[in-house]
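Note sheet for the following structure.
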Amino acid sequence: MARAPRYLDALNPEQRAAVETLDGPVLVLAGAGTGKTRVLTTRIAHILASGRARAFEILAVTFTNKAAREMRERVETLVGQGAEAMQWLGTFHAISAKILRRHAELAGLKPNFTILDTDDQIRLLKQVLKAENIDDKRWPARALAMRIDGWKNRGLSYAQVPAGEAQSFADGKGAALYALYQERLKILNAVDFGDLLLETLRLFRENPDVLADYHRRFKYILVDEYQDTNTAQYLWLRLIAQGRHNVCCVGDDDQSVYGWRGAEVENILRFEKDFPGARIVRLERNYRSTGHILAAASHLIAHNEGRLGKTLFTDGAEGDRPTVTGVWDSEEEARAIGEDIEQLQRRGHDLEEIAILVRASFQMREFEERFITLGLPYRVIGGPRFYERAEIRDALAYLRCVAQPADDLAFERIVNTPKRGLGDATLQMLHEYGRRENTPLMTSARILVESEEIKARPRATLRALLADFERWRSLIDVKPHHELAEMVLDESGYTEMWRQDKTPEAAGRLENLKELVRAMEPFPDLAGFLEHVSLVMETDEAAGAQKVSIMTLHGAKGLEFETVFLPGWEEGLFPHQRSLDENGRAGLEEERRLAYVGLTRAKRRAKIYFATNRRIHGLWQSTMPSRFIDNLPPAHVEVVEAAGASQYGSYGVSRFANLDSYNSGYDTPGWKRAQSAPRENYAKSAGRDSGRARQPKTIEGEVVGRSSPGSRFAPGARVMHLKFGPGTVAGADGAKLTVDFDKAGRKMVLESFVEAT
DNA sequence: TGCCTTGCTATTTTT
DNA sequence: TAGCAAGGCA
């Protein structure tokens, strides 16, 4: 055999096996930080370099656009140019859309079909509910959307929904509503995200010749983040992979954190069964984290059952131990982390290499506030996205109306934006006609405008609007699309509407509109741009300036940082109560995987925090340290005391000696101590800004768990509260007390948080 | 048509 | 507590 090509030199033996096993199915179990992206990209490079297939004969599927973009870039650096020829590299949804457009008629669609996003989907469902006279208070469209998505994720058409579940929504109308919704989508020439997969699946099943064509085309198939596939994606993949069986899936069962949106870890566990003779390659050599971090993460995840099991190791240094710090409340947590970061900064650390990973986005605010006062530059990742802003959605609706005349949702959105006197009454009439004649709204409008059904004023306005759209539409092939867009926005009065607007956001909105027009330029035409927009809901955030990243644990998957702060490790928040309530043990294990993901993002420093008190929905509640803290190996973790937090000094070996499992979390030393030991009050650390009255010198009430029986306090009783000071009980409702505080006034507080005086 | 009040809810989020 | 959505009212 000839000398191995150079790009293989950089790989370890397992990685190399994963890259070089080209024939037949391969499952790569790639632990965190073991170089899975390198394997995927090198494998593509290897297929290309060895002449096994050309770029357009490789199907490479990812979950996110970001991952797709990264893969493309990395293949490019590996093979020089030519990666742009990889026309089948993309997300499941993007590839499905592409296939579907090629065979739209077979799927009962026109090739210019619209892809609805969640917002459109919900608006459409609201209409369906209304038409069916279902109270959308009791049966919210959002809930129906979730249910339908769930069915679609499982690959179920409305006819396939199991009888029991079909009865589940609005007194037994679940599946029927699903069917009505699909009917509406067909009329609108539209699909939602779930349909992209489902319709492609149906296309393949009903047209074996089409499927065979793709079997011939795709010589090699690669799938990233395989543990995140849902059933529909799995069926899709299995169908396509049946052709040549050259399928390589890369994933890590320990990083499956999207079960709540339909991902089935089972898919990874049953790979061997579905693809007989599959080669399994384990990547266990970690190149990212130092020894202690890796040990802590491994020990934590070992508490999960039903894993394929991997043992990560590193040849690197032991490094610093992850730390666990207890703080008084979320405010102190933010302050402590802020100080840590400032110190790292002073020591010359790169802010880009620091991240704060939270469980839920509400935790972010406290950090933002703190960082603003500190003047610490930060960036929140995962905020509202560019294409979700109202003005962008409006502008896109205009463009959709131009390009896709049957797009009723878009039309409805903008008929009266800006206000032009086309209100509910007019719209109602269009709807009625449309429903009767089965025509899109714009067609209905065109017909009704010729009659006298509509009053003269709105009739004239509507006629003018329709004429505008005609004119714009006639320019599609004449004018460059970004110029056309600008023209539409100006002539429709939309831009003017924001110019007139005096609210402080107006300027930013106009700026966004300009940005939108700019963003259109690189696309070949309007249709191409709209396709991009519906599938790629993102803007490339300009990285650059040195900033600390604040994001959710989910958002951090796939990233790495020198230093990772992990605040909020408290029972109820992390693991999240809802996860436990709704999914029991499976929910807990998914939360634990999330903790594992968090820890393994850290290259050199991982810092865990838990607060004793946290405000949840406006009420202060005392909280327990997370059971995940008990899951950490004492030998690899350092318990750090926040300044003044002396009561945590008792954190010692015993704290970690007992490995708990589900449901027994409340017997751990940490839990017991928290219950029994009356905590000494301590002044807030770092005595700065003592403006607000700090905890008065009192004894905090022992923590009464969730099972607290009726109230210990009768109205009139005098109590002492840690935040609010002394007060008189006005009433009790279970564990909640209404107290008239001497200073703070009437508040609802948790009983466990006050003490009799 | 627009403003104000009321009520409700409150993970994770990509496509 | 706060933020949003929907309904009522002028």
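Throughout, protein chains are lettered first and strands after them, A, B, ... in sequence-line order, and every chain is numbered starting at 1.
- Ion pair A:Asp228/A:Arg261 not flagged as a salt bridge, since none of the NZ, NE, NH1 or NH2 atoms sits closer than 4.0 Å to an Asp/Glu carboxylate oxygen.
- Residues passing the ring-ring contact (aromatic ring centres under 6.0 Å, His included) test with A:His431: none are found, sequence neighbours excluded.
- In this structure, of B:dG2, B:dT11, B:dT13, it is B:dT13 that holds the atom nearest to the side chain of A:Trp260.
- Side-chain atoms of A:Arg365 lie closest to C:dA2 of the nucleotides B:dT12, B:dA10, C:dA2.
- The nearest whole Å value for the distance from the CD atom in A:Glu591 to the C1' atom in B:dT12 is 8 Å.
- Residue contacts for A:Asn416: at a heavy-atom cut-off of 4.0 Å it reaches the sugar-phosphate backbone alone, with no base atom in range.
- Side chain to side chain, A:Tyr596 and A:Asn304 fail the donor-acceptor criterion of an N or O pair below 3.5 Å.
- The separation between A:Asp117 atom CG and B:dT13 atom P is 17 Å, rounded to whole Å.
- At the heavy-atom level, A:Lys152 lies nowhere under 4.0 Å from the strands shown.
- Around NZ of A:Lys455, the count of heavy atoms belonging to other residues, nucleotides or ligands within 6.0 Å does not exceed 12.
- What separates CG of A:Asp224 from C1' of B:dT14 is a distance of 14 Å, to the nearest Å.
- Taking atom OH on A:Tyr258 and atom C1' on B:dT15, their separation rounds to 12 Å, with Å as the unit.
- Regarding the sugar-base torsion, B:dT12 falls in the anti class, its angle being beyond 90° of 0.
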Run the side-chain hydrogen bond (donor to acceptor under 3.5 Å, both in side chains) test on A:Asn267 and A:Gln233 for me, step by step, so that the C-alpha distance in whole Å, both residues' side-chain angles and the decisive distance to 0.1 Å come before the verdict. CA-CA 10 Å; A:Asn267 293 342; A:Gln233 288 159 334; over 6 Å; no
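- Atom CD1 of A:Ile381 is separated from atom P of B:dT12 by 16 Å (rounded to the nearest Å).
- One can find a donor-acceptor pair under 3.5 Å joining the base of B:dT15 and the side-chain atoms of A:Thr118.
- Per the geometry, CH2 belonging to A:Trp620 stands 15 Å off C1' belonging to C:dA2, to the nearest Å.
- Neither side chain, A:Glu333 nor A:Gln363, offers a donor N or O lying under 3.5 Å from an acceptor on the other.
- Look at the C1' atom in both B:dT14 and C:dG3: the space between them is 24 Å, to the nearest Å.
- B:dT14 atom C1' lies 16 Å from atom CG of A:Leu116, rounded to whole Å.
- Between A:Asn65 and B:dT14, a side-chain N or O to OP1/OP2 separation shorter than 4.0 Å is absent.
- Within the 4.0 angstrom heavy-atom criterion, base atoms lie near A:Ser579.
- Phosphate proximity of B:dT12 to A:Ser361: present, with a side-chain N or O under 4.0 Å from OP1 or OP2.
- One can place CZ of A:Arg578 at 6 Å from P of B:dT11, the figure rounded to the nearest angstrom.
- Regarding contacts with the backbone of B:dT13, every side-chain N or O of A:Lys66 stays at 4.0 angstrom or more from both OP1 and OP2.
- Counting any heavy atom pair closer than 4.0 Å across all strands shown, A:Gln233 reaches no nucleic acid atom.
- For the P atom pair drawn from B:dT11 and C:dC4, the interatomic distance equals 14 Å after rounding to whole Å.
- For the pair A:Gly421 and A:Glu590, both in contact range of DNA chain B, the more 5′-proximal nearest nucleotide belongs to A:Gly421.
- Side-chain proximity of A:Thr552 to B:dT11, B:dG2, B:dT12: nearest is B:dT12.
- Among the nucleotides B:dA10, B:dT12, B:dT15, the one closest to any side-chain atom of A:His554 is B:dT12.
- Donor-acceptor pairing under 3.5 Å, judged by distance alone, is absent between the side chain of A:Arg359 and the base of B:dT11.
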